[in-house]
Number of protein chains: 2
Amino acid sequence: MNKNYDSLKLENQLCFPLYACSKELVRRYQPLLQKLDLTYTQYIVMMVMWEQKEINVKSLGEKLFLDSGTLTPVLKKLETKGYINRSRSKEDERNLNICIAEKGIALRDKALEVPIEISKCVNLAPEEVIAMHKGLYKILDYFKSEE
Amino acid sequence: MNKNYDSLKLENQLCFPLYACSKELVRRYQPLLQKLDLTYTQYIVMMVMWEQKEINVKSLGEKLFLDSGTLTPVLKKLETKGYINRSRSKEDERNLNICIAEKGIALRDKALEVPIEISKCVNLAPEEVIAMHKGLYKILDYFKSEE
DNA sequence: TTATATTAAATTGTGTACAATCTAATTATA
DNA sequence: TATAATTAGATTGTACACAATTTAATATAA
C-alpha cells in the first residue's frame, strides 16, 4: 500500500515559509539597527518602551511573546547601553519595572529611518501587506486565546 | 515640531507578527517532534531528505535558508541519531553529500501525524492559508532574486 | 496565623542562527 | 604551469529562545 506523503513536502508547509521569511527579514534589519547599537530583539523591546515609557517584564513578555529567560539578559544589556532602567516595584517586589531612559527616548528619532528602509525589502503591494498582517494576527490572537 | 512615530508602533510592523507567529508555531511542533527525536530544524532537514534521498550541504542550505554554521552541527546530530549519512563527494572533495539512512526513511511514516496535528493549531480557513502561503513565497522569491 | 500555593524573575542547559574567519579543494589566469 | 581567486564546509564568537528549575515575594487556606 503506497502512502501519500504530500503533507510532508516542504513546499506544502505553512510554518516553513513563515520561519524562513521571519529569519530573512530580521537579518535585513541588522545593518540598519547596527547604527542604533541594537539587535532585533532589543529593537522590539525599545518599540514597546517608546510607546509606554514604563512596563514590567511580565507584560513586556506577553506583548512580545518572549519569556524571562530571553528578556532578562536582553534587558540587562539595554540597561548597560543606557537606553532603559530596571527597578523592582515598590508595591510588589516580585515585579521588575522597566523604564525608558533619556538616551532611549533620544534614540527614537534615529529609529524613524528603520521602517522606511525595511519597507524597501518587502515587495508586497499595500493591500497584500494588510492581508498578511491580518492573517498573522488572526493566528497570534488564537494562540493567545489558548493560554 | 511634533514628529509622527506611528511607523515605529509594534502593531504597525509586518516583521514582528511574522517573527512571533513563526516562533509560536515552531514551539507547537516541539512536543510532536519529540516523539520522532527531532527538533524543528532537524525536521525541516528530514523533510528535504524524504523528498530527495541525497543532497549536498550547499543546496540544502539554499532550500532551507540556512548556512553551514547552522547546518554543520545539525547534520552531525542527525548522523549520530542514525537518520542520515555524511560523506565527501568523490568528484569534488569540497562538497559534503548528505544521504538519508534506513532509519531516516522509516521515520517518514511516523512523521505523517505531525502536519495533521499542527493544522489543528492554525485557525485559518483553507483559502486564508493559501493566500498567506502565496504572500510569504512572494517575499522569499524576492529575497532570493536579490542575491 | 502558620503552612501551602502561586507568582515573577532569574538561572541553567540545550539548540539554533549568523557574521566573520579559516582551511582545503578546485578553478581561472597571467 | 605556478599563482591567484573562488568555492564549500567547518570553526569561532555572540545573541537569542525556551524548557525546566530555583529563589524570593505575595496570596490563600486550614
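Computed from a prediction, not measured in an experiment: that's the story for all the values here. Chain naming here is simple, since letters A, B, ... match the order of the sequence lines and numbering starts at 1 in each.
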Legend entry - Whole-Å gap separating C1' (D:dC16) and OH (A:Y40): 13 Å
Legend entry - Ring centres under 6.0 angstrom apart (A:F65, A:F143): no
Inset, instruction - Tell me which of B:V26 and A:R88 sits closer to the 5' end of DNA chain C, going by the nucleotide each one is nearest to. - result: A:R88
Inset, instruction - Using whole Å, report how far CZ of B:F16 lies from P of D:dA17. - result: 11 Å
Inset, instruction - Round to a whole Å and report the spacing from CD of B:Q30 to C1' of D:dA17. - result: 10 Å
Inset, instruction - Measure from CD1 on B:I55 to P on D:dG9 and round the result to the nearest Å. - result: 10 Å
Inset, instruction - Nearest whole angstrom, please: distance from the C1' of D:dA8 to the NZ of B:K58. - result: 8 Å
Inset, instruction - Round to the nearest Å and state the distance from B:N97 atom CG to D:dA10 atom P. - result: 11 Å
Legend entry - Range on DNA chain C touched by chain B, heavy atoms, distance below 4.0 Å: C:dG15 to C:dT26
Legend entry - Ion pair check, B:E117 and B:K120, cut-off under 4.0 Å: yes
Legend entry - Pair B:R88 + B:E93, salt bridge at N-O below 4.0 Å: no
Inset, instruction - Quickly work out the A:E91 CD to D:dA24 P distance and round it to whole Å. - result: 22 Å
Inset, instruction - Taking only the side-chain heavy atoms of B:R94 (C-beta and beyond), determine which of D:dC16, D:dA10, D:dT7 contains the nearest atom. - result: D:dT7
Inset, instruction - Report which part of the nucleic acid A:T70 touches: base, sugar-phosphate, or nothing (heavy-atom distance under 4.0 Å, all strands). - result: base
Inset, instruction - Whole angstrom is fine here: how far is it from CD in B:Q34 over to P in D:dA19? - result: 10 Å
Inset, instruction - Could you tell me whether A:R28 and B:E146 have a side-chain N and a carboxylate O separated by less than 4.0 Å? - result: yes
Inset, instruction - Ignoring backbone atoms, establish whether A:K76 has a side-chain N or O less than 4.0 Å from OP1 or OP2 of D:dA15. - result: no
Legend entry - A:T39 side chain near D:dC16 phosphate (N/O to OP1/OP2, under 4.0 Å): yes
Inset, instruction - Give a yes/no answer on whether the side chain of B:K23 brings an N or O atom under 4.0 Å of OP1 or OP2 in D:dC18. - result: yes
Inset, instruction - Report yes if a donor N or O on one partner sits less than 3.5 Å from an acceptor N or O on the other, where the partners are the side chain of B:S68 and the base of D:dA10; otherwise report no. - result: yes
Inset, instruction - Could you go through the side-chain hydrogen bond (donor to acceptor under 3.5 Å, both in side chains) check for A:N56 and A:S59 one step at a time? - result: CA-CA 6 Å; A:N56 64 37; A:S59 307; 3.0 Å; yes
Inset, instruction - Just call it for A:D67: base, sugar-phosphate, or nothing, with non-hydrogen atoms closer than 4.0 Å on any strand. - result: base
Inset, instruction - Compare the minimum distances between each of D:dA8, D:dT11, D:dA25 and the side chain of B:T72, then state the nucleotide with the smallest one. - result: D:dT11
Legend entry - Note, A:Q42 side chain near A:K77 side chain (heavy atom, < 4.5 Å): yes
Inset, instruction - Nearest-nucleotide wise, let me know which of A:R27 and B:Q42 is further upstream toward the 5' end of DNA chain C. - result: B:Q42
Inset, instruction - In plain terms, say whether B:E128 and A:K138 are close enough for a salt bridge, that is, a side-chain N and a carboxylate O under 4.0 Å apart. - result: yes
Inset, instruction - Using a strict 4.0 Å threshold on nitrogen-to-oxygen distance, state whether A:K35 and A:E113 make a salt bridge. - result: yes
Inset, instruction - Using the closest heavy atom to pick a nucleotide of DNA chain D for each, name whichever of B:L71 or A:L66 lands nearer the 5' end. - result: B:L71
Inset, instruction - Identify, between B:L75 and A:K77, the residue whose nearest nucleotide on DNA chain D lies closer to the 5' end. - result: B:L75
